[in-house]
Amino acid sequence: ANIPDQASTVFLDIAGYNYRLDEYVHDHEAYPARIIVGTESFPKDVFATWSRIDKLPYVLGDFVWTAMDYLGEAGVGGSVNARAGTPPMLALIASWPWVISDCGDLDLLGYQKAASYARDVVWGLSPLEVVVQGPLPEGEVELVRPWGWPDARRSWTWPGAEGKQVSVRVYTTGDHVEFRLNGRTIASKRLTDGDLKHTELSMAYQPGVLEAVTFRDGEEIARQTLETAGPPAALRITPENPTAGAGREDICHFGIEVLDAQGRRVPGAAQDVTLRISGPAELAGFGSANPRANPGFQSTSAKTWDGRALAILRGTGRTGVVKVAAHGAGLKEAVATVPFRTLIGLS
């Protein structure tokens with residue numbers, strides 16, 4: 001325990017700390033020459049982690065577990081609703097149908113989750129981000145797993161929740177936030193240094209437009225608006241590129257979204273979607289970011305999660321135009337065509 005600092009750093013210029021945030025100051029006092037980096041941390045500690053890093057010049061930064069969701073370690077992150085009074089350890093053990101870790105800042109399709117929006121603020125990339133957690137079932141509480149995050153989304157679309165309490169969570173570099181619902185200011189909150197750049201407000205859900213406006217020293221610095229989408233009406237399919245490689249090693253992603261009649265994505269929409277594929281390509285995978293109940297990724301049918309799904313097509317070695325059609329009951333069909341051609345140096 002009393003090893004000289006020279007011996008502890010002889011092979012390393014920088015000391016990596018896993019889940020040892022509380023030891024930064026103590027160890028710096030013991031070893032003033034030591035440079036520290038957080039090599040692994042919990043997502044939910046982001047505010048405390050970066051508040052400390054911002055104040056400690058000898059700490060270079062932090063790595064969180066983890067950037068993106070992945071298959072395996074099912075349910076190590078995320079959260080679970082349980083009856084009030086349930087022993088936490090019983091509810092924190094995930095079992096089937098969990099198949100995804102649910103501990104990433106990004107979901108399995110690469111879209112930002114609430115933890116990623118929080119990180120944008122503490123990193124200085126954004127002055128304001130707003131997410132909302134829908135109402136919990138009566139008599140239940142949310143238990144966040146060790147690598148998890150509360151189940152909040154960037155959405156003001158909660159059909160069936162009218163009049164029920166939802167939690168609006170704000171991440172901001174401001175010192176004052178105003179909440180406006182359908183053009184009327186309904187609340188304001190001031191933040192101190194102790195709030196560590198985040199606050200929340202419980203309010204009764206009403207469809208329409210929710211707006212958060214953040215101020216610093218009396219000056220507005222940002223605002224963000226969430227608008228209620230209508231019921232699902234159509235599908236949209238968007239290829240990642242206008243052309244794709246035709247080789248067996250080439251793939252092309254096709255993003256699929258559920259839209260309302262005004263062309264807005266419908267957050268929370270869980271719609272069955274079936275693909276029809278024609279041309280020189282084959283399906284490599286089709287599914288959503290749902291951390292639970294993904295029966296497989298090789299079927300041409302899948303259910304959207306939060307209004308999104310993703311299809312991945314692979315070239316067959318032949319060139320030609322590939323047509324992908326996505327359809328679901330009661331929804332306007334979406335079609336995309338992409339030339340699969342041989343790319344120089346990649347065929």
Problem set entry | Test side chain to side chain contact (heavy atoms under 4.5 Å, CB included) applied to Ile256 and Leu310, Leu275, Thr238, the passing residue | Leu275

For this session: Answer yes or no: is there a side-chain heavy-atom contact under 4.5 Å between Glu240 and Phe254?
Result: no

Exercise. Under 4.5 Å between side-chain heavy atoms, hopping through other hydrophobics if needed: is there a path connecting Ile14 to Tyr19?
Worked result: no

For this session: Following the transitive rule for hydrophobic clusters with a side-chain heavy-atom cut-off under 4.5 Å over Ile, Leu, Val, Met, Phe, Trp and Tyr, establish whether Phe340 and Ile237 coincide in one cluster.
Result: yes

Exercise. Should the heavy atoms of other residues, nucleotides or ligands under 6.0 Å from CZ of Arg190 be counted, would the total exceed 12?
Worked result: no

Problem set entry | ILVMFWY clustering at 4.5 Å (side-chain atoms), partners of Val59 | Tyr17, Leu21, Tyr24, Val25, Ile36, Val46, Phe47, Trp50, Ile53, Leu56, Tyr58, Tyr117, Val121, Val122, Trp123, Leu125, Val131, Trp149, Tyr171, Leu196

For this session: Give a yes or no on whether Glu162 atom CD has more than 12 heavy-atom contacts from other residues, nucleotides or ligands under 6.0 Å away.
Result: yes

Exercise. Are Phe215 and Val170 connected, step by step, through hydrophobic side chains (Ile, Leu, Val, Met, Phe, Trp, Tyr) whose heavy atoms are closer than 4.5 Å?
Worked result: no

Problem set entry | Pair Asp102-Lys113, salt bridge (charged side-chain N to carboxylate O under 4.0 Å, His left out): steps then yes or no | CA-CA 10 Å; Asp102 204 19; Lys113 295 160 61 179; 2.9 Å; yes

Exercise. Looking only at heavy atoms, what is the nearest atom pair of Val273 and Phe286, with distance?
Worked result: O-CE2, 3.7 Å

Exercise. Between Ile251 and Leu313, is a side-chain contact (heavy atoms from CB on, under 4.5 Å) present by the stated rule, with each step listed?
Worked result: CA-CA 5 Å; Ile251 60 173; Leu313 270 63; over 6 Å; no

Exercise. Can you find a side-chain donor-acceptor pair between Ser301 and Thr274 that sits under 3.5 Å?
Worked result: yes

For this session: Decide yes or no for Leu259 and Val266: does some side-chain heavy atom of the first lie under 4.5 Å from some side-chain heavy atom of the second?
Result: no

Seminar exercise, completed: Output for pair (Asp217 CG, His176 NE2), nearest 0.5 Å, gives 12.5 Å

Problem set entry | Trp156 six-ring face occupied by Arg264 cation (under 6.0 Å, within 45°) | no

Seminar exercise, completed: Taken to the nearest 0.5 Å, the spacing of Leu210 CG from Leu181 CG works out to 6.0 Å

Problem set entry | Side chains of Glu333 and His327, donor plus acceptor under 3.5 Å | no

Exercise. Are the side chain of Arg314 and the backbone of Arg248 linked by a donor-acceptor contact shorter than 3.5 Å?
Worked result: yes

Problem set entry | Check: Asp306 main-chain N/O paired with Arg265 side-chain donor or acceptor under 3.5 Å | yes

For this session: Taking all heavy atoms of Met68 and all of Gly110, pick out the closest pair and write down the distance.
Result: CE-N, 3.5 Å

Exercise. Are Ile277 and Leu283 close enough, and set up right, to give a side-chain contact (heavy atoms from CB on, under 4.5 Å), and what steps lead you there?
Worked result: CA-CA 8 Å; Ile277 302 169; Leu283 185 67; 4.0 Å; yes

Exercise. Do the side-chain N and O atoms of Thr304 and Gln271 include a donor-acceptor pair separated by under 3.5 angstrom?
Worked result: no

For this session: Could you verify whether a donor N or O on one side chain and an acceptor N or O on the other, from Asp107 and Gln112, lie under 3.5 Å apart?
Result: no

Exercise. Between the side chains of Asp62 and Thr49, does any donor sit under 3.5 Å from an acceptor?
Worked result: no

Problem set entry | Side-chain heavy-atom pair Ile312, Cys252 within 4.5 angstrom cut-off | no

Exercise. Is there a donor in the side chain of Ser79 and an acceptor in the side chain of Glu142, or the other way round, less than 3.5 Å apart?
Worked result: yes

For this session: Consider only side-chain heavy atoms of I, L, V, M, F, W and Y, link residues closer than 4.5 Å, and tell whether Val80 and Trp98 are in one cluster.
Result: no

Exercise. Would you say the side-chain atoms of Asp260 pair up with the backbone N or O of Gly263, donor to acceptor, closer than 3.5 Å?
Worked result: yes

Exercise. Is a salt bridge present between Arg223 and Glu220, judged by a nitrogen-to-oxygen distance below 4.0 Å?
Worked result: yes

Problem set entry | Backbone N/O of Gly75 and side chain of Arg145: donor-acceptor pair under 3.5 Å | yes

Exercise. When you look at OH of Tyr70, are more than 12 heavy atoms from neighbouring residues, nucleotides or ligands closer to it than 6.0 Å?
Worked result: yes

Exercise. Out of curiosity, Glu227 CD to Ser155 OG, how far, rounded to the nearest 0.5 Å?
Worked result: 11.5 Å

Exercise. Hydrophobic cluster mates of Leu108, side-chain heavy atoms under 4.5 angstrom, ILVMFWY only, any path?
Worked result: Leu71, Trp96, Val99, Ile100, Phe297

For this session: Quick one: pull up CZ in Arg236 and CG in Leu331 and give me the separation to the nearest 0.5 Å.
Result: 13.5 Å

Exercise. If we only count heavy atoms from C-beta on, is the Met203 to Val166 side-chain gap below 4.5 Å?
Worked result: yes

Problem set entry | Minimal non-hydrogen separation, Ser167 against Glu200, with atom names | OG-OE1, 2.8 Å

Exercise. Quick one: OG on Ser288 to CH2 on Trp305, what's the gap to the nearest 0.5 Å?
Worked result: 7.5 Å

Exercise. Counting N and O atoms only, with roles assigned by atom type, does the side chain of Asp54 sit under 3.5 Å from a partner on the main chain of Ser51, one being a donor and the other an acceptor?
Worked result: no

For this session: Identify the two heavy atoms, one from Lys197 and one from Leu191, that lie closest to each other, and give their separation to 0.1 Å.
Result: C-CD2, 4.1 Å

Exercise. Is Leu226 close to Val130 at the side-chain level, that is, under 4.5 Å between some pair of heavy atoms?
Worked result: yes

Exercise. Does one hydrophobic cluster hold both Val144 and Val141, with members joined at side-chain heavy-atom distances below 4.5 Å?
Worked result: no

Problem set entry | Glu282 and Thr316: side chain donor to acceptor below 3.5 Å | no

For this session: Please step through side-chain contact (heavy atoms from CB on, under 4.5 Å) for the pair Val64 and Ser41, ending with a clear verdict.
Result: CA-CA 5 Å; Val64 67; Ser41 67; 3.9 Å; yes

Exercise. Do other residues, nucleotides or ligands put more than 12 heavy atoms under 6.0 Å from the CG atom of Asn241?
Worked result: yes

Problem set entry | Where Gln165 and Ser202 come nearest, the two heavy atoms and their spacing | OE1-OG, 2.8 Å

Exercise. Is the shortest side-chain N to carboxylate O distance from Glu140 to Arg83 below 4.0 Å?
Worked result: no

Exercise. Apart from Val209 itself, which Ile, Leu, Val, Met, Phe, Trp or Tyr residues share its cluster (side-chain heavy atoms under 4.5 Å, direct or through members)?
Worked result: none

For this session: Please test Thr172 against Val177 for side-chain contact (heavy atoms from CB on, under 4.5 Å), starting from the C-alpha separation and ending with a verdict.
Result: CA-CA 8 Å; Thr172 181; Val177 180; 3.9 Å; yes

For this session: Go through the steps to decide whether Phe42 and Trp65 satisfy the test ring-ring contact (aromatic ring centres under 6.0 Å, His included), and finish with yes or no.
Result: CA-CA 6 Å; Phe42 293 109; Trp65 189 269; over 10 Å; no

Exercise. Do NZ/NE/NH1/NH2 and the carboxylate oxygens of Glu178 and Arg180 come within less than 4.0 Å?
Worked result: yes

Seminar exercise, completed: Heavy-atom nearest pair, Val335 first then Ala325, reads CG2-CB, 4.0 Å

Problem set entry | Pairwise distance CD(Glu257) to CG(Leu235) - rounded to 0.5 angstrom | 10.0 Å

For this session: Before accepting this row, confirm whether a basic side-chain N of the pair Arg34/Asp27 lies closer than 4.0 Å to the acidic partner's carboxylate O.
Result: yes

